[in-house]
Amino acid sequence: MNWDTVFGKLRWDSFVFAGAIENPSASEFVAFGAGSIVILGAIAVVTLLSVMGWWVPLWKNWLTSLDHKKIGVMYIVLAIIMFLRALIEAAVMRSQQLAAYDGPGYLAPDHFGQLFTTHGTIMIFFVAMPMITGFMNYLMPLQIGARDVTFPLLNAISLMLTTAGAILVMASLVIGEFSTGGWSAYPPYTGLEFSPGVGVDYWIWAVTLSSISSTMTAINLTATVYKNRCPGMTLMRMPLFSWTTLCASVLMLFALAPLTAATSMLALDRYVGFKFFTNADGGNMMNYANLFWLFGHPEVYILILPAYGVWSEVVPTFSAKNLYGYRSLVYATIGIAFVSFLVWLHHFFTMGQSAGVNVAFGIATMIIGIPTGVKVYDWMLTMYRGRIRFSTPMLFHIYFIVVFIIGGMTGILLANPTVDFQVHNSLFLVAHFHNMIIPGVLYALFAGYIFWFPKVFGFRLDERLGRRAFWCFAPGFILAFFPLYIIGLAGATRRTVSWSEPFYLPYFAVAMFGALLIVAGVGYLIVQVVVSYRNREQLAAPLGDPWDARSLEWSTASPPPEYNFAALPVVDARDMFAEEKENGTAYRSPTVYEDIEVLRNSMTAPLVGLAALALAFALVWHIWWLAILGFAGAWAVIIARSFNTNTMKVIPAATLRAENEAFLTAVRNAPGVDRDLEFSPQNKGKAAPDLVQERPAPAGGHQALGAAL
């Protein structure tokens with residue numbers, strides 16, 4: 001048995017440390033440092049878990065759990081870990097651009113190419129997607145009054161496949177290299193002829209694991225909305241976040257399939273010698289572009305629709321008003337989901353299709369701005385005449401409105417094929433994309449994270465540190481990305497490792513300062529968690545409703561019990577919980593308590609994830625015996641699970657009664673906290689209702705309405 005049979009393409013020089021030893025340079029030492037952080041971080045985590053004795057609780061209470069809430073939390077933790085890596089890479093790229101004026105800088109071109117590829121891949125597939133999936137997993141079943149998602153085991157397997165993909169990306173820092181083909185991985189550059197190393201293979205299998213995971217999640221969440229709603233919870237009574245979850249899940253269901261097809265066909269080109277995307281022998285690279293962007297543009301709305309849902313929960317809560325234009329927001333959400341599949345071709349306006357095709361897709365791209373505008377106006381009208389509390393989530397929202405509109409206007413510019421032809425490969429496009437994704441998705445998720453944190457963990461986050469984080473993020477984003485609009489229009493191209501135009505220098509310096517402010521904002525968020533945990537007794541909010549919120553998840557204890565509701569709620573109105581609080585009928589005891597069946601924990605998902613990781617790593621390095629073992633192992637675990645009949649456990653009615661009545665008694669006996677004391681230690685999770693009464697529309701038609709506004 002020779003080396004290749006056992007280790008495939010793996011060699012000594014495949015490890016990142018070999019480059020720093022054999023070819024010392026600044027670029028190699030940066031790579032060495034990154035690989036060292038991964039290894040030392042893993043050692044530190046293993047040591048901490050061992051010293052604290054947390055291995056057993058981690059396995060029994062989290063990794064094997066089928067509870068949608070714990071799975072949602074694990075998705076978000078994974079996303080935060082990957083976000084920290086992607087943020088560091090962004091700062092390194094920005095410093096390289098600043099240092100590379102009229103010189104090579106300190107990064108080799110291939111290293112810079114790996115950085116912008118991993119940054120884009122991680123931020124889309126392993127930050128934004130897991131984070132929104134975590135929010136949807138945790139919140140949507142609670143909001144519709146369900147016990148769990150429809151397929152809890154499938155939900156856990158989805159998490160572990162995403163985790164396996166993320167580990168694969170992290171492994172590329174230590175063993176081998178990552179792709180230099182960008183997050184979209186266009187062939188023929190990513191074909192075997194031009195990229196013979198393992199970098200593209202890392203990209204293929206990490207993204208494939210993520211796309212399969214997201215497809216399974218889409219099936220699960222869609223089925224949950226359709227089948228698991230509590231009595232009386234019609235579609236038009238669902239909270240907006242649940243509506244955006246439904247529409248994003250439908251998009252995922254149809255958009256991820258083309259991506260999986262594209263990565264599979266690219267793998268066949270590289271591994272088996274197929275000719276799907278080659279320059280010759282019948283291949284057609286444009287087929288890849290169509291498949292990828294059939295996923296890629298709906299992906300933007302897969303990310304941003306749940307963010308819109310977050311804003312639709314934050315704004316009415318901190319405005320003390322009903323959400324304005326509920327039905328129009330629902331129809332706008334559906335409209336965005338539909339039109340998002342009609343605009344993919346604007347991503348290759350420069351690739352040679354006819355003027356008529358360009359015009360059609362340019363018009364469709366402009367049309368999608370209409371339902372988005374409806375949402376913005378509805379949020380502003382919700383705030384109008386409301387009693388706005390300028391909490392950290394609300395500060396993020398007001399900031400989002402301003403900068404998102406600017407980004408939207410630049411999107412309308414890019415919808416014009418003639419304009420797009422001039423700036424498509426420039427930093428103007430980079431600025432536009434980040435202008436939409438960072439305020440529209442990332443800052444919405446930050447706001448949602450702060451908003452729902454007390455629901456998940458039972459204590460609020462320190463408001464003072466949250467505001468400090470916001471005041472770093474707000475100017476940081478503008479300084480980091482608005483200069484790119486200017487130099488992009490002046491001709492600065494994206495994915496460029498060095499440059500010699502002196503006009504760019506001050507703008508890159510400002511952008512670097514903005515990036516440092518964003519890093520500082522993230523630092524404040526980390527400190528906020530540490531300080532809040534230390535002061536968790538003063539910030540405790542176990543009674544479940546610290547913000548005077550509106551939807552059903554706030555009617556339970558914080559954190560919610562495993563079974564979510566002692567008795568499934570019965571809904572007869574939109575914002576049922578808010579109405580009950582206003583009418584003084586909230587927190588009533590159920591008429592009867594019945595036994596509840598919930599799923600037992602299962603090791604199936606982590607074992608499938610481990611097998612999938614082994615399979616993907618083996619395919620990257622051509623270790624065929626390990627690939628066969630990983631593939632067979634995953635299916636063996638699933639088949640073995642199908643023979644297990646002891647999958648449920650019963651929570652007795654007496655236990656439910658004792659737990660729920662203790663919670664209800666505590667809530668009834670607690671005084672309601674006024675909005676002025678919302679951030680004080682007196683707020684234990686029972687906010688006093690503070691609903692602004694809706695005023696009738698002014699008489700006199702449009703002129704009177706205009707005067708009132």
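- Heavy-atom minimum distance, M123 versus A86: SD-CB, 3.4 Å.
- Evaluation of the side chain to side chain donor-acceptor pair (under 3.5 Å) rule for H119 yields no partner, not counting sequence neighbours.
- Side-chain N or O atoms of N228 include one that pairs as donor or acceptor with a backbone N or O of D148 at under 3.5 Å.
- The shortest distance between side-chain heavy atoms of R550 and P316 falls below 4.5 Å.
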**OP:** In sequence, state the C-alpha distance, the side-chain angles, and the governing distance for Q528 and R468, and then conclude on side chain to side chain contact (heavy atoms under 4.5 Å, CB included).
**Re:** CA-CA 10 Å; Q528 182 190 37; R468 290 183 182 180; over 6 Å; no

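- For F116 and W183, the distance between ring centers is not under 6.0 angstrom.
- Nearest heavy-atom pair, A444 versus V310, reported as atom, atom and distance to 0.1 Å: O-CG1, 3.4 Å.
- The distance from atom OG1 of T317 to atom CE of M394, rounded to the nearest 0.5 Å, is 9.5 Å.
- Evaluation of the ring pair (Phe, Tyr, Trp, His ring centres under 6.0 Å) rule for Y485 yields F428, F482 as partners, not counting sequence neighbours.
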Show me the donor-acceptor pairs, under 3.5 Å and distance only, between side chains in residues 395-409 and residues at least two apart or in other chains.
residue	atom	partner	partner atom	Å
Y399	OH	A474	O	2.5

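- Looking at W452 and E313, their side chains never bring a donor and an acceptor atom within 3.5 Å of each other.
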For residues 367-375, which side-chain donor-acceptor pairs fall under 3.5 Å, sequence neighbours excluded?
residue	atom	partner	partner atom	Å
T372	OG1	I368	O	3.2
K375	NZ	T333	OG1	2.6

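- In this structure, CD1 in I334 is found 11.5 Å from CG in L329, a value given to the nearest 0.5 Å.
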**OP:** Could you check T118 against R85 for side chain to side chain contact (heavy atoms under 4.5 Å, CB included), going step by step and ending with a plain yes or no?
**Re:** CA-CA 9 Å; T118 52; R85 173 184 167 180; 3.6 Å; yes

Subject >> Stepwise side chain to side chain contact (heavy atoms under 4.5 Å, CB included) check, F481 with N435 >> reply: CA-CA 7 Å; F481 292 100; N435 200 164; over 6 Å; no

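- Atoms CD1 and CG, from I212 and L256 in turn, are 10.0 Å apart once rounded to the nearest 0.5 Å.
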**OP:** Take F453 and W547 through the test ring pair (Phe, Tyr, Trp, His ring centres under 6.0 Å) and record every step on the way to the result.
**Re:** CA-CA 11 Å; F453 190 94; W547 314 126; over 10 Å; no

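- By the 6.0 Å contact criterion, CH2 on W62 is enclosed, its count of non-hydrogen atoms from other residues, nucleotides or ligands being greater than 12.
- Each of V200, V198, L615 was scored for a side chain to side chain contact (heavy atoms under 4.5 Å, CB included) with V620, with one residue passing: V198.
- Nearest heavy-atom pair, V225 versus M140, reported as atom, atom and distance to 0.1 Å: CG2-SD, 3.7 Å.
- When all heavy atoms of L517 and G476 are compared, the closest pair comes out as CB-CA, 3.7 Å.
- Considering CD of E553 and OH of Y138, their distance stands at 9.5 Å, rounded to 0.5 Å.
- Annotation: side chain of F513 is not in contact with side chain of V510 (no heavy-atom distance under 4.5 Å).
- Between S214 and M129 the shortest heavy-atom distance is OG-CE, 3.3 Å.
- The distance between the ring centers of W379 and F318 does not fall below 6.0 angstrom.
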**OP:** Start with the C-alpha gap between D378 and L323, add the side-chain angles, then the distance that decides, and say whether side chain to side chain contact (heavy atoms under 4.5 Å, CB included) holds.
**Re:** CA-CA 8 Å; D378 281 342; L323 183 63; 5.9 Å; no

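- At a cut-off of 3.5 Å, with distance as the only test, a side-chain donor of T392 or E463 sits close to an acceptor on the other residue.
- Closest non-hydrogen pair, S211 versus T260, comes out as OG-OG1, 3.0 Å.
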Run the side-chain donor-acceptor check on residues 175-182: report pairs under 3.5 Å with partners two or more places apart or on a different chain.
residue	atom	partner	partner atom	Å
S179	OG	G181	N	2.9
T180	OG1	Y189	OH	2.7

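- Residues P483 and L479 form no side-chain contact, since every pair of their non-hydrogen atoms from C-beta on lies 4.5 Å or further apart.
- The NE2 atom of H68 sits 4.5 Å away from atom CG of L142, with the distance rounded to the nearest 0.5 Å.
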Acceptor/donor pairs from residues 291-308 side chains to any protein atom, 3.5 angstrom cut, sequence neighbours excluded:
residue	atom	partner	partner atom	Å
W293	NE1	Y186	OH	2.5
H297	ND1	H346	NE2	3.2
H297	ND1	H347	NE2	2.9

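- In this structure the side chain of H432 never reaches within 4.5 angstrom of the side chain of L413, judged on heavy atoms.
- Contact check for L221 versus L246: no side-chain heavy atoms found under the 4.5 Å cut-off.
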